Amino acid sequence: MLYASLRSSPLPHSQPYGGAVDYSQQLHPGSRGAGFPHSTGHSGHNFGHGGRHGRRAGDGTVRSALLDEFRANKSRKWELRDIFGYIVEFSGDQHGSRFIQQKLETATGEEMEIIFDEIVPQYALQLMQDVFGNYVVQKLLEYGTAAQKARLVATMEGQVLGLSLQMYGCRVVQKAIEHILPEQQVMFVQELSPHVLRCVKDANGNHVIQKLIEHVPPERLGFVSAFRGSVYELSTHPYGCRVLQRCFEYMPEELTRPLLDELHKYVPNLMVDQFGNYVVQFVLEHGKPQDRATVISKLTGQMYNMAKHKFASNVCEKALVTADPESRRKLIEEIMTPKQDGLSPIMGLMKDSFGNYVLQRALTVADPDQKELLISKVRPHLVNMRRYSSAYSKHLSASAYML
């Protein structure tokens, strides 16, 4: 899919480069096809495409006659050579951008060079920030030669932070990280390192930091040390929690150990946080045995209360699935043992909109002997609970089908 983004686009916010690009201001007096810039081809001739003037589009910009014809004439078999001189304008148009993206995948070396010459360096930054133009630049990074990509990356020097915080520019930065040389990646790291926490907490910038963590050798990512002392803050942040998980996934032990040790201090609070619970779940599923054991030890003795919590119940389920057999038995035994007031925790979990899912999970992962005991404790309550109103019926039926 040509317009498949790297992620769902966040809502726009204050951008360092402003909004949509108005290319009409780039035209010199007397330029043909007012509205977007066009250039002279490699042969030294202007690529003229019809004598009629362009017309004003619905958004107030002026389209060239060629773009008007392209949009209207669907029967013609268009080639890249037909739009040479108008590459920048077509890149900023929804239909033109899609056409160029398709053609770039099979373009000849000469065609690719002409396109690069029209865009780089003058219009590269503007297209990177454009709603349609950014996709063309991404394709250039994907299919260009090493020398061409180096020219494109050179236009980004000193602008990496601004692009990373911009909703379209951040996609280009991510694509560049995937396709440029390691020494070029270092330039990106150096520009972002002083602002890494700002990027991590930004709706756009966090994706760039994640991409760096995924593709740049860990020894070159010195900015990770900036996360120390901020693990709780990042874990409870909607974007910071994602970045921490990427660190734990891709970084070596010597870099993540200080972060994990800091995380363990806050596990009980993170379990009940809407974002922190995902970080705890990640450690349970992908962490080292000692980290998993530490998390489960914090859950032990709190299983009933956590199971009834909207966010912590997810951690309880993950713990039941990932725990070693002995720890799993202890957790399940905890939710079967009557409380000090004599009330059965089973009844409380069955009636609870979150706890019933933890109970279901326990039924699926318990050892045969423990499962049989658990069923024997659930079944009597299930008979009585069917007399209650339908408010609990969906939760009860969900538990019942496994009995």
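If you're wondering where the values come from, they're calculated on a predicted model, not measured in any experiment.
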Heavy-atom distance under 4.5 Å between the side chains of Asp130 and Tyr168, does that happen here?
no
Modelled atom types, side-chain donor and acceptor of Ser327 and Asp324, under 3.5 Å:
yes
Given side chains that start at C-beta, do those of Tyr266 and Leu263 come closer than 4.5 Å, heavy atoms only?
no
Which atom pair, heavy atoms only, marks the closest approach of Val295 to Met271?
O-CE, 3.8 Å
From Val173, Val224, Val189, residue fulfilling side-chain contact (heavy atoms from CB on, under 4.5 Å) relative to Leu212
Val189
Can you check whether Gln129's main-chain N or O pairs, donor with acceptor, with Gln166's side chain at less than 3.5 Å?
yes
Do Ser164 side-chain atoms and Gly205 backbone N/O form a donor-acceptor pair below 3.5 Å?
no
Determine whether Arg242 and His237 make a side-chain contact, defined as any pair of heavy atoms from C-beta on separated by less than 4.5 Å.
no
Whether the side chain of Glu89 engages the backbone of Tyr86 through a donor-acceptor N/O pair (distance < 3.5 Å, no angle test) should be reported.
no
Taking atom CD of Glu372 as the centre, does the number of heavy atoms from other residues, nucleotides or ligands within less than 6.0 Å exceed 12?
no
How long is the gap from CG on Asn204 to CG on Leu163, to the nearest 0.5 Å?
11.0 Å
When you look at OH of Tyr278, are more than 12 heavy atoms from neighbouring residues, nucleotides or ligands closer to it than 6.0 Å?
no
Looking only at heavy atoms, the pair that brings Leu284 and Arg292 closest together is O-NE, 2.7 Å
Got Thr236 and Leu270 here, is their nearest side-chain heavy-atom distance under 4.5 Å?
yes
State, yes or no, whether a side-chain contact exists between His264 and Asp291 at a heavy-atom distance under 4.5 Å.
yes
Ion pair check, Lys330 and Glu334, cut-off under 4.0 Å:
no
Give, for atom CD1 of Ile177 and atom CD1 of Ile213, the distance between the pair rounded to the nearest 0.5 Å.
10.0 Å
Has the side chain of Glu157 got a donor or acceptor atom that lies under 3.5 Å from a matching backbone atom of Val153?
no
In terms of heavy-atom contacts, does CZ of Arg257 have more than 12 from other residues, nucleotides or ligands at under 6.0 Å?
yes
Is any side-chain heavy atom of Asn314 less than 4.5 Å from a side-chain heavy atom of Tyr357?
no
First locate atom CE of Met167, then atom CG of Asp202, and finally report the distance between them rounded to the nearest 0.5 Å.
11.0 Å
Would you mind checking if Glu111 and Arg81 are paired as a salt bridge, meaning a charged N to carboxylate O distance below 4.0 Å?
no
Shortest non-hydrogen pair, Leu161 vs Leu192, comes out as CA-CD2, 3.6 Å
Minimum heavy-atom separation for Leu320 to Ala362, with atom names?
CD1-N, 3.9 Å
Examine distances only and state if a side-chain atom of Glu262 and a backbone atom of Gly229 form a donor-acceptor pair shorter than 3.5 Å.
yes
Are Arg151 and Glu113 within salt-bridge range, i.e. N to O under 4.0 Å?
yes
Say whether, by atom type as modelled, one donor and one acceptor occur between the side chain of Arg76 and the main chain of Phe70 under 3.5 angstrom.
no
Under a 4.0 Å threshold between the charged nitrogen and the carboxylate oxygen, would Glu105 count as salt-bridged to Lys103?
no
Correct closest heavy-atom pair for Met112 and Gly144 would be CE-N, 4.3 Å
Test item: Asn356 side-chain N/O and Ser353 main-chain N/O as donor-acceptor pair under 3.5 Å:
yes
d(Ser235 OG, Phe282 CZ) to nearest 0.5 Å is 12.0 Å
The test is side chain to side chain contact (heavy atoms under 4.5 Å, CB included); show your working for Glu285 and Gln281 and say whether it passes.
CA-CA 6 Å; Glu285 187 168 2; Gln281 287 186 66; 6.0 Å; no
State the NE2-CG distance between His309 and Asp352, to the nearest 0.5 angstrom.
11.0 Å
Using distance alone, with no hydrogens and no angle criterion, decide if Lys308 and Tyr304 have a side-chain donor and acceptor under 3.5 Å apart.
yes
Taking all heavy atoms of Thr155 and all of Leu152, pick out the closest pair and write down the distance.
OG1-O, 2.5 Å
Strictly distance-based, threshold 3.5 Å: is any side-chain N or O of Gln101 a donor or acceptor partner for the main-chain N or O of Val136?
no
Go through the side-chain N and O atoms of Asp93 and Ser91 and say whether any donor and acceptor fall under 3.5 Å apart.
no
Side chain to side chain contact (heavy atoms under 4.5 Å, CB included), that's the test. Do Leu140 and Leu104 meet it? Break it down for me.
CA-CA 8 Å; Leu140 294 178; Leu104 281 175; 3.8 Å; yes
What do you reckon, are the aromatic ring centroids of Phe99 and Trp78 less than 6.0 Å apart?
no
Under 4.5 Å between any side-chain heavy atoms of Pro182 and Arg220, yes or no?
yes
Just how far is it from atom OG1 of Thr322 to atom CD of Glu317, taken to the nearest 0.5 Å?
11.5 Å
Take Asn134 and Leu127, measure what side chain to side chain contact (heavy atoms under 4.5 Å, CB included) needs, and give me the verdict at the end.
CA-CA 5 Å; Asn134 81 89; Leu127 288 179; over 6 Å; no
Identified side-chain contact (heavy atoms from CB on, under 4.5 Å) counterpart of Val243 within the set Val196, Leu197, Asn206:
Asn206
side-chain hydrogen bond (donor to acceptor under 3.5 Å, both in side chains) pairs, two or more places apart, involving residues 223-233:
Lys201-Glu233
For Cys247 and Phe227, run side chain to side chain contact (heavy atoms under 4.5 Å, CB included): C-alpha distance rounded to whole Å, both residues' side-chain angles, the deciding distance at 0.1 Å, then the answer.
CA-CA 10 Å; Cys247 287; Phe227 300 160; 3.7 Å; yes
Checking Gln370 side chain against Arg329 main chain: does a donor-acceptor pair fall under 3.5 Å?
yes
Considering only heavy atoms from C-beta outward, does the side chain of His95 approach that of Phe132 to under 4.5 Å?
no
Taking atom CD of Glu183 as the centre, report whether more than 12 heavy atoms of other residues, nucleotides or ligands fall under 6.0 Å from it.
yes
Answer yes or no: is there a donor N or O on one side and an acceptor on the other, between the side chain of Gln174 and the main chain of Val208, under 3.5 Å?
no
